[in-house]
Visitor: 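One structure, as structure tokens, below. Some questions next.
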Amino acid sequence: MKELRERTALITGASRGLGLVIARSLAREGMNLALAARSAETLERVAAELRTLGVKVTTIPTDVSKESDLRHLVDQTRKEFGTIDLLVNNAGIEAFRPFHLIEPADIIETLQVNLTATLLLTRFVLPHMLEAGRGHIVNMASTAGKYGPAYGAAYGASKSGMIAFTQSLRGELYKTGVSASAICPGFARDGGIYEVIRARTGKSTPWYLGSTSAEAVARAVIKAVKQDRPDLVVNFPALRPVFALCQAFPRLGEWIVRTTTRRYLKLAASRES
Ligand SMILES: NC(=O)c1ccc[n+]([C@@H]2O[C@H](COP(=O)([O-])OP(=O)(O)OC[C@H]3O[C@@H](n4cnc5c(N)ncnc54)[C@H](OP(=O)(O)O)[C@@H]3O)[C@@H](O)[C@H]2O)c1
């Protein structure tokens with residue numbers, strides 16, 4: 001989808017963190033916005049700010065773990081704007097803990113919010129996009145979906161599920177005018193999840209793991225839509241070569257990932273225990 005002006009975007013998890021920065025960037029592109037998250041008041045504050053950019057903004061309080069809320073979200077957005085041209089499945093939660101200690105309820109919630117909600121919301125939006133012959137779905141995955149992180153097993157599983165789901169969609173949607181992309185940020189500064197981990201550990205990621213800005217993630221969303229990219233890894237230093245190495249040489253890849261990430265991730269998990 002090359003032109004975004006006056007088209008409609010539905011963004012989940014838009015009340016703070018990456019979702020908020022993505023919403024701002026899409027508003028600057030001239031998109032009208034439907035913003036979803038659980039906290040109605042925060043959403044309203046965000047909407048008031050974004051309306052000053054001259055676009056239409058509606059807020060729809062939604063718990064993405066509830067199927068009825070997801071159906072209502074799609075109905076309300078269509079009622080308000082007529083179409084949904086872009087869906088950004090961004091709402092997400094992290095659960096960094098040693099896997100043998102993680103609460104079963106946290107495993108279920110992580111998969112429900114990050115993965116099941118992404119599939120269901122896409123399922124509800126897609127028929128309308130196909131009917132219009134136009135649309136794009138952006139799934140906010142993570143580098144944790146490219147290589148499962150130690151101490152973040154449920155989170156990594158949900159994010160790799162999002163990447164595989166995006167690939168399946170692209171295979172099905174070829175030449176329909178509708179497409180999908182996965183965005184895979186590393187640790188995102190001024191994104192909420194990383195800031196929580198940084199506060200918990202008292203440490204930034206080591207330089208060789210790097211990080212990204214929320215603005216860079218938002219730029220990647222726009223690039224993915226305009227250029228119909230399958231997936232974009234957003235991090236400095238670049239990590240795609242490392243993931244390619246992991247595919248080609250699994251044992252060497254595993255050693256590199258373990259050596260560079262395990263200590264930091266263990267710290268992130270242990271502070272939560
Ligand atoms: N920050 C990073 O370093 C990083 C890196 C890679 C990928 N990501 C991914 O990027 C996305 C956004 O992360 P973030 O760091 O911006 O997180 P965040 O600051 O914690 O924000 C999460 C957003 O999701 C919403 N949310 C959470 N549970 C929800 C639910 N059940 N129903 C509806 N909305 C819900 C929150 O709003 P309410 O609480 O009001 O509902 C909030 O708007 C996530 O999918 C995350 O996995 C983040």
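Both counts, for ligands and for their atoms, begin at 1 and track the order of listing.
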Visitor: Return the set of residues passing salt bridge (Lys or Arg N to Asp or Glu O under 4.0 Å) with Arg170 (not counting sequence neighbours), or none when no residue passes.
Guide: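 Salt bridge (Lys or Arg N to Asp or Glu O under 4.0 Å) list for Arg170, sorted by chain: Asp228.
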
Visitor: Within the 4.0 Å heavy-atom shell around Tyr194, which atoms of ligand 1 are there?
Guide: 1 (N), 2 (C), 3 (O)

Visitor: Have a look at ligand 1 and work out which part of Ala141, if any, has a heavy atom under 4.0 Å from it: side chain, backbone, both or neither.
Guide: backbone

Visitor: Can you name the atoms of ligand 1, numbered from 1 with element, that are less than 4.0 Å from a heavy atom of Gly17?
Guide: 16 (O), 19 (O)

Visitor: Write out the residue and atom name of the closest protein heavy atom to atom 24 (O) of ligand 1, then the distance separating them to 0.1 Å.
Guide: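 Ranked first by proximity to atom 24 (O) of ligand 1 is Gly13 CA, 3.4 Å.
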
Visitor: Output yes when the distance from some N or O of ligand 1 to some N or O of Ser142 is under 3.5 Å, and no in every other case.
Guide: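 No, there is no polar N/O contact under 3.5 Å.
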
Visitor: Heavy-atom contact under 4.0 Å between Thr12 and ligand 1?
Guide: no

Visitor: Could you walk me through whether Leu35 and Leu50 pass side chain to side chain contact (heavy atoms under 4.5 Å, CB included), step by step?
Guide: CA-CA 11 Å; Leu35 308 178; Leu50 297 181; 4.1 Å; yes

Visitor: Please check whether Ile93 reaches ligand 1 - meaning an N/O of the residue sits under 3.5 Å from an N/O of the ligand, judged on distance alone.
Guide: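 The answer is no, given that Ile93 and ligand 1 share no N or O pair closer than 3.5 Å.
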
Visitor: Sequence neighbours excluded and cut-off under 3.5 Å, please list the side-chain donor-acceptor pairs for residues 149-160, or say none.
Guide:
unit_1: Tyr151; atom_1: OH; unit_2: Arg262; atom_2: NH2; d: 3.2
unit_1: Ser158; atom_1: OG; unit_2: Asn114; atom_2: ND2; d: 3.1
unit_1: Ser158; atom_1: OG; unit_2: Tyr155; atom_2: O; d: 2.7
unit_1: Lys159; atom_1: NZ; unit_2: Met140; atom_2: O; d: 2.9
unit_1: Ser160; atom_1: OG; unit_2: Gly156; atom_2: O; d: 3.3
unit_1: Ser160; atom_1: OG; unit_2: Ala157; atom_2: O; d: 3.3

Visitor: With nothing but distance in play, are any N or O atoms of Lys159 less than 3.5 Å from an N or O of ligand 1?
Guide: yes

Visitor: Between Glu29 and Lys226, is the closest basic N to carboxylate O distance under 4.0 Å?
Guide: yes

Visitor: I need the nearest protein heavy-atom contact for atom 13 (O) of ligand 1: residue, atom name and distance, please.
Guide: Ile193 CD1, 3.9 Å

Visitor: Do ligand 1 and Gly192 have nitrogen or oxygen atoms that lie under 3.5 Å from each other?
Guide: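 Such a contact does occur with ligand 1.
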
Visitor: List every atom of ligand 1 that sits less than 4.0 Å from any heavy atom of Thr62, numbering the atoms from 1 in the order shown and giving each element.
Guide: 32 (N), 33 (C)

Visitor: Counting heavy atoms only, which part of Leu43 comes closer than 4.0 Å to ligand 1: side chain, backbone, both or neither?
Guide: neither

Visitor: Salt bridge check, Asp231 against Arg240: does any charged N sit closer than 4.0 Å to a carboxylate O?
Guide: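 Salt bridge present between Arg240 and Asp231.
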
Visitor: Out of all atoms in ligand 1, which are within 4.0 Å of some heavy atom of Gly186? Include the element for each.
Guide: 3 (O), 5 (C), 6 (C)

Visitor: List ligand 1 atoms under 4.0 Å from Val113, heavy atoms only on the residue side.
Guide: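 Under 4.0 Å from Val113, ligand 1 has these atoms: 31 (N).
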
Visitor: Any side-chain donor-acceptor pair under 3.5 Å between Asn235 and Thr143?
Guide: no

Visitor: Flag Ala188 as yes when one of its N or O atoms lies below 3.5 Å from any N or O atom of ligand 1, and as no otherwise.
Guide: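 Yes; the residue has a nitrogen or oxygen that sits under 3.5 Å from a nitrogen or oxygen of the ligand.
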
Visitor: Does one side chain, of Gln112 or Ser65, offer a donor that lies under 3.5 Å from an acceptor on the other?
Guide: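 Not at all, the side chains of Gln112 and Ser65 share no donor-acceptor pair under 3.5 Å.
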
Visitor: Can you tell me which residue and heavy atom of the protein come closest to atom 37 (O) of ligand 1, and the distance to 0.1 Å?
Guide: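 Going atom by atom, the protein heavy atom closest to atom 37 (O) of ligand 1 ends up being Ser15 OG, 3.1 Å.
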
Visitor: Check each atom of ligand 1 against the heavy atoms of Met140 and keep those under 4.0 Å away; list them by number with element.
Guide: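 Here the atoms of ligand 1 in question are 9 (C), 10 (O), 11 (C), 45 (O).
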
Visitor: For ligand 1, is any non-hydrogen atom under 4.0 Å from Ala14's backbone (N, CA, C, O), its side chain (CB onward), both, or neither?
Guide: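 The part of Ala14 near ligand 1 is the backbone, not the side chain.
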
Visitor: Looking only at protein heavy atoms, which one is nearest to atom 4 (C) of ligand 1, and how far off is it?
Guide: Leu18 CD1, 4.0 Å

Visitor: Is it possible for you to say whether Val88 and Val74 belong to one hydrophobic cluster, with membership spreading through side-chain heavy-atom contacts below 4.5 Å?
Guide: no

Visitor: Taking both backbone and side-chain atoms of Phe187, is any N or O found less than 3.5 Å from an N or O belonging to ligand 1?
Guide: no

Visitor: Determine the minimum heavy-atom distance between Arg198 and Ser204, stating which atoms define it.
Guide: NH1-OG, 3.1 Å

Visitor: How far is atom 28 (N) of ligand 1 from its nearest protein heavy atom, and which residue and atom is that?
Guide: Arg38 NH2, 3.3 Å

Visitor: Are any of the N/O atoms on Gly19, whether in the backbone or the side chain, positioned under 3.5 angstrom from an N/O atom of ligand 1?
Guide: no

Visitor: At their closest point, which heavy atom of Thr12 faces which heavy atom of Asn90, and how far apart are they?
Guide: OG1-N, 2.9 Å

Visitor: Are Arg45 and Glu49 close enough for a salt bridge, meaning some N to O gap below 4.0 Å?
Guide: no

Visitor: On a heavy-atom basis, which atom in Val46 and which in Ala14 lie closest, and how many Å separate them?
Guide: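 Between these two residues, the closest heavy atoms are CG1-O, 4.0 Å.
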
Visitor: Classify the ring geometry between Phe187 and Tyr264 as parallel (under 30°), tilted (30 to 60°) or perpendicular (over 60°).
Guide: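 Perpendicular, since the angle between the ring planes exceeds 60°.
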
Visitor: Find all atoms of ligand 1 within a distance of less than 4.0 Å from any non-hydrogen atom belonging to Gly92, and give their numbers and elements.
Guide: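 Listed by number with element, the hits are 22 (C), 24 (O), 44 (C), 45 (O).
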
Visitor: Nearest protein heavy atom to atom 21 (O) of ligand 1, by residue and atom, and its distance?
Guide: Arg16 NE, 3.7 Å

Visitor: Where is the nearest protein heavy atom to atom 47 (O) of ligand 1: which residue, which atom, and how far?
Guide: Tyr155 OH, 2.6 Å

Visitor: Tell me, which protein residue and heavy-atom name are nearest atom 44 (C) of ligand 1, and how many Å apart are they?
Guide: Asn90 O, 3.2 Å

